[in-house]
Amino acid sequence: MAALALRCAGQRRLLARLSPSFCVPHVVPMGTTAKEEMSRFWEKNTKSNRPLSPHVSIYKWSLPMAMSITHRGTGVALSLGVSLFGLAALVLPQPFPHYLALLKSLSLGPALICSAKFALAFPFSYHAWNGVRHLAWDMGKGFKIPQVNQSGVLVLILTLLSAAGLAAM
């Protein structure tokens with residue numbers, strides 16, 4: 001009973017703090033909008049004849065740069081894949097073995113199945129091996145440019161071998 005009373009009192013206090021009457025008197029209007037700020041910025045740059053920053057276009061693509069971007073991409077893809085698979089497991093009406101049997105009933109050829117398994121295993125393998133590479137970097141190892149390139153090639157070789165091994169299972 002005391003816990004319920006404390007919870008109700010806490011809710012009332014929180015609602016009183018978050019109510020519009022509490023917040024509105026303390027709101028300070030902004031002097032300018034973002035659109036006005038941006039137009040002022042561009043006018044200033046135009047008057048001073050400043051060039052736009054070339055951004056990524058001036059850099060020559062290298063293996064570490066491409067692998068860094070791919071590592072982030074595989075991380076996002078794996079996260080989305082696991083989330084969608086979990087959501088599907090909750091939402092779909094039949095249990096997982098039903099959908100596995102449905103997939104087997106399609107009688108897909110072994111080449112297509114092996115290719116699909118490789119496509120699923122590759123991002124996992126790449127992200128795992130590149131993660132090990134990042135752990136070595138966290139320990140301060142392999143920061144010289146030749147070592148960075150060698151470890152990148154090693155990650156790619158290990159990724160292809162382990163993804164092929166997982167696809168062959």
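Every value quoted in this text rests on a predicted model; they were computed, and no experiment measured them.
Hydrophobic clustering (side-chain heavy atoms under 4.5 Å, transitive across Ile, Leu, Val, Met, Phe, Trp, Tyr) keeps Leu166 apart from Phe118. Leu103 is connected to Ile113 through a chain of hydrophobic side-chain contacts under 4.5 Å among Ile, Leu, Val, Met, Phe, Trp and Tyr, so both are in one cluster. In the hydrophobic clustering of ILVMFWY residues, with side-chain heavy atoms under 4.5 Å counting as a link, Leu78 and Leu80 come out apart.
Considering only heavy atoms from C-beta on, Met38 comes within 4.5 Å of Trp42 through its side chain.
Asn130 contributes atom CG, which lies 12.0 Å from atom OG of Ser125 (distance to the nearest 0.5 angstrom). Between atom OG1 of residue Thr46 and atom NZ of residue Lys44 there is a gap of 11.5 Å, rounded to the nearest 0.5 Å. Atom CD of Gln147 and atom CG of Leu154 lie 12.5 Å apart (nearest 0.5 Å). Trp129 contributes atom CH2, which lies 12.0 Å from atom CD1 of Ile157 (distance to the nearest 0.5 angstrom). The CD atom of Gln94 sits 10.0 Å away from atom CG of Leu102, with the distance rounded to the nearest 0.5 Å. Taken from CZ in Phe124 to OG1 in Thr74, the straight-line distance is 11.0 Å, to the nearest 0.5 Å.
Salt bridge Glu43/Arg40: absent, no basic N to carboxylate O contact under 4.0 Å.
Side-chain N or O atoms of Lys117 include one that pairs as donor or acceptor with a backbone N or O of Met169 at under 3.5 Å. Remark: the backbone N or O of Met67 is paired with a side-chain donor or acceptor of Tyr126 at under 3.5 angstrom. Side chain of Ser151 to backbone of Val148: a donor-acceptor contact under 3.5 angstrom is found. Using modelled atom types, one side-chain atom of Thr159 and one backbone atom of Val155 make a donor-acceptor pair closer than 3.5 Å. In this structure, the side chain of His127 engages the main chain of His71 through a donor-acceptor pair within 3.5 Å.
With a 6.0 Å radius and a threshold of 12 heavy atoms from other residues, nucleotides or ligands, Phe85 has its CZ atom at or below the threshold.
For the pair Asn149 and Leu63, the tightest heavy-atom approach, listed with the atom from each and the gap, is O-CD2, 3.9 Å.
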